[in-house]
Amino acid sequence: MKRTKIKHALNAQEPMAEIHVGGWVRTKRDNKGFSFVEINDGSCLSNIQVVIDHTPEIVETIANVGTGASVAIDGELVESPGKGQKWEIRGTSIKLLGGADQETFPLQKKRHSDEFLRGIAHLRPRTNKYGAIFRMRSELAQAIHKFFAEKDFFYIHTPIITGSDCEGAGEMFRVTSLEHGSQKPVEEDFFGKPSSLTVSGQLSAEMFALSLGDVYTFGPTFRAENSNTPRHVAEFWMVEPEIAFADLADDMDLGEEMIKYLITHMLDHSAEDIELFAKFVDKSLMGTLENILNNPFERLPYTEAIRLLKKTKKKFEYPVEWGMDLQTEHERFLCEEKFKKPVYVYDYPKTIKPFYMRMNDDNETVAAMDCLVPRIGELIGGSQREERMDVLLSRMDTLGLDKEEYWWYLDSRRYGSAPHAGFGMGFERMLMLVSGITNIRDVMPFPRTPKSLEF
RNA sequence: UCCCCGAUAGCUCAAUGGUAGAGCGAGCGGCUGUUAACCGCUAGGUUGUAGGUUCGAGUCCUACUCGGGGAGCCA
């Protein structure tokens with residue numbers, strides 16, 4: 001008989017004379033003459049309760065069924081006479097597929113700390129909270145594709161291995177096929193030149209925006225920074241749309257629309273899982289999400305942001321001066337205290353931004369934008385790209401970049417250049433936003449951080 | 001990488017420099033259409049690692065490892 005997923009059993013409209021389910025035992029309660037076994041198969045947050053009468057055979061099986069064991073159940077789906085659930089399974093047979101030794105199985109019928117569960121990342125998806133976040137992770141990824149598909153964007157698979165060692169977005173992991181400690185020259189390495197893991201698909205995506213119009217990449221991204229914070233990992237996923245014939249305002253419009261779309265989608269499609277987080281992880285979660293949906297994002301020029309920060313009575317550890325980058329304390333003040341909603345800060349000084357960002361008419365600022373979100377910090381970073389060849393070349397000269405390395409990038413400005421813009425959104429940070437989870441390591445199946453590569 | 005805090009039973013945590021405990025979990029028994037089940041009993045420890053001080057160190061000192069928070073870097 002075919003397996004019915006528990007999610008579907010619990011959503012049944014009418015009883016089922018025959019049903020077969022498989023899953024992992026969350027808890028078992030023995031009674032005189034029968035037992036209750038609660039099963040979860042990961043298809044949804046809820047367990048299904050199985051009531052099974054004792055026969056000599058079943059008593060023997062049940063004796064070895066504990067929390068964590070996997071079982072296959074046959075029976076009938078009936079309305080539950082008890083409180084707490086609409087449906088339950090009246091079991092006729094239970095088969096123990098994989099036992100779990102109660103003396104050593106680390107997941108107990110109680111709440112565990114996130115720190116402890118990180119140490120058993122291979123088992124934590126069997127808990128309510130982590131099952132929920134990984135279902136949500138899947139749902140959010142699907143929503144991203146849906147959003148862009150509905151807007152006629154094309155999904156581009158940009159390379160993971162890159163040859164440009166100067167993208168400027170942070171330290172890169174080197175890729176080599178040479179043996180560890182090899183003294184061989186780089187010419188003898190696989191690619192014959194230095195190669196690394198990508199820190200951004202942007203430069204590649206630009207080529208496709210200037211061909212297919214509106215495109216996006218969505219894939220793994222790597223930073224070898226020795227960052228030890230709840231918001232950074234060495235390997236993460238980034239969404240990077242790139243739009244042609246568009247300026248910075250279009251870019252900000254797109255980002256705002258996307259964030260609101262994704263939140264709406266998650267509220268509609270992951271309601272039960274989100275509710276868990278709203279109840280046990282972040283009591284203000286629903287209010288936060290509704291606040292984001294119901295208000296236009298603030299759009300604040302950098303120069304204006306500096307003026308606001310200088311004017312406020314609040315004392316900052318770092319002094320505020322035009323020309324400096326905003327510190328975390330400044331960003332938090334702007335989005336959490338001053339505006340209490342997402343804030344775009346845009347038109348940053350050219351001196352603190354990379355070469356590809358478009359020079360503004362003042363010749364001092366570039367068309368860059370960061371989207372700051374309460375609790376998360378920087379969720380989106382983007383810019384209008386410099387499409388004017390002469391300006392781009394002079395910027396590269398100023399910053400001392402090797403133009404030979406970028407010959408193909410420059411070709412896009414040499415032939416049929418057009419205004420375009422784009423941004424990057426940290427996928428995991430978005431997941432943190434919609435779940436209320438405060439440590440990025442807890443929204444990733446097997447997070448990679450400095451000195452941590454178990455699993 | 002810098003600053004602060006922490007590491008004791010399977011988990012969460014107690015323990016004036018003087019015999020290492022509790023709750024939960026687990027095992028056993030009992031009770032009950034139960035549902036964070038309930039009641040009773042039992043087992044469970046080289047106190048993160050390596051040194052040092054001391055008659056005596058879970059406790060004080062040093063180094064290291066790992067974890068957490070903050071900062072920097074950023075998504």
Side-chain angles (χ1 to χ4, degrees), chain A residues 26-39 46-53 63 66-68 78 80-85 88 90 100-120 127-128 167-171 198-202 218-240 255 280 316-318 325-329 331-332 352-354 370-373 376-382 423-433 438-444 449-452 454:
Chain A
R26 285 298 175 75
T27 173
K28 177 188 70 168
R29 293 178 291 275
D30 292 321
N31 294 277
K32 184 155 278 175
F34 62 100
S35 296
F36 291 102
V37 187
E38 278 193 46
I39 314 277
S46 300
N47 307 325
I48 197 158
Q49 173 168 287
V50 178
V51 192
I52 190 158
D53 286 331
T67 302
V78 298
S80 176
K83 287 194 178 111
Q85 62 278 318
E88 67 185 25
R90 185 153 280 282
D101 180 2
Q102 297 302 291
E103 297 278 3
T104 56
F105 184 60
L107 291 175
Q108 304 172 351
K109 281 194 301 192
K110 54 177 268 191
R111 285 177 80 165
H112 289 291
S113 66
D114 293 327
E115 289 82 1
F116 171 69
L117 291 170
R118 258 170 238 154
I120 48 168
T127 65
N128 286 342
E167 291 185 37
E171 291 295 308
T198 184
V199 292
S200 163
Q202 179 200 318
F218 178 28
T221 309
F222 307 87
R223 303 278 164 87
E225 297 289 347
N226 190 9
S227 295
N228 293 285
T229 83
R231 299 182 306 282
H232 293 87
V233 274
E235 176 182 319
F236 62 100
W237 281 56
M238 187 154 65
V239 184
E240 295 179 281
F280 297 114
F316 295 114
E317 192 183 334
Y318 290 84
D325 212 349
L326 295 183
Q327 304 294 314
T328 296
E329 57 178 344
E331 296 180 347
R332 291 184 69 120
I352 56 172
K353 291 295 180 184
D370 283 349
C371 182
L372 312 175
V373 177
I376 305 296
E378 186 179 338
L379 178 62
I380 280 178
F423 63 79
M425 181 189 77
F427 178 66
E428 283 78 11
R429 290 188 181 172
M430 186 68 203
L431 248 188
M432 291 166 76
L433 178 64
T438 52
N439 193 314
I440 195 169
R441 298 172 180 99
D442 296 334
V443 300
M444 314 190 73
T449 50
K451 299 287 179 292
S452 176
E454 198 64 50

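To find a chain, count down the sequence lines: A is the first, B the second, and so on, and within it residues start at 1.
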For C2(B) versus U8(B), give the span between their P atoms, rounded off to a whole number of Å.
25 Å
Given A26(B), G68(B), G67(B), identify the nucleotide with an atom nearest to the side chain of Lys109(A).
A26(B)
Whole-Å C1' distance, G51(B) and U65(B):
15 Å
Please determine, for the side chain of Phe36(A), which listed nucleotide (U1(B), G72(B), U34(B)) has the closest atom?
U34(B)
Any salt bridge linking Arg231(A) with Glu428(A)? Criterion: basic side-chain nitrogen under 4.0 Å from a carboxylate oxygen.
no
For the backbone of Glu38(A) and the side chain of Gln49(A), can you confirm whether one donor and one acceptor N or O come within less than 3.5 Å of each other?
no
Given the P atoms of G58(B) and A15(B), what is the spacing between them in whole Å?
15 Å
In this structure, how many angstroms lie between the C1' atom of A71(B) and the CD atom of Glu378(A), rounded?
16 Å
Candidates G27(B), C74(B), G25(B) - which lies nearest the side chain of Gln102(A):
G27(B)
How far does the C1' atom of C66(B) sit from the matching atom of C60(B), given to the nearest Å?
23 Å
Distance check, P atoms only: U59(B) and U46(B), in whole angstrom units.
16 Å
Searching all strands shown, indicate the nucleotide that pairs with G33(B) (Watson-Crick or G-U wobble; both distances under 3.5 Å).
none
Tell me whether the centres of the aromatic rings in Phe218(A) and Phe427(A) are closer together than 6.0 Å.
yes
What integer number of Å spans the P atoms of A20(B) and G45(B)?
13 Å
Any idea which of A71(B), U34(B), U32(B) is nearest the Lys32(A) side chain?
U32(B)
Could you give the CG-to-P distance, from Asn47(A) to U35(B), as a whole number of Å?
15 Å
Separation between the P atoms of G18(B) and G56(B), rounded to whole Å:
14 Å
From G67(B), U1(B), U35(B), nucleotide with atom closest to Glu38(A) side chain:
U35(B)
Check every atom of G25(B), A75(B), U34(B) against the side chain of Gln108(A) and return the nucleotide holding the closest atom.
G25(B)
For the base of C74(B), is there a side-chain donor-acceptor partner from His232(A) under 3.5 Å away?
yes
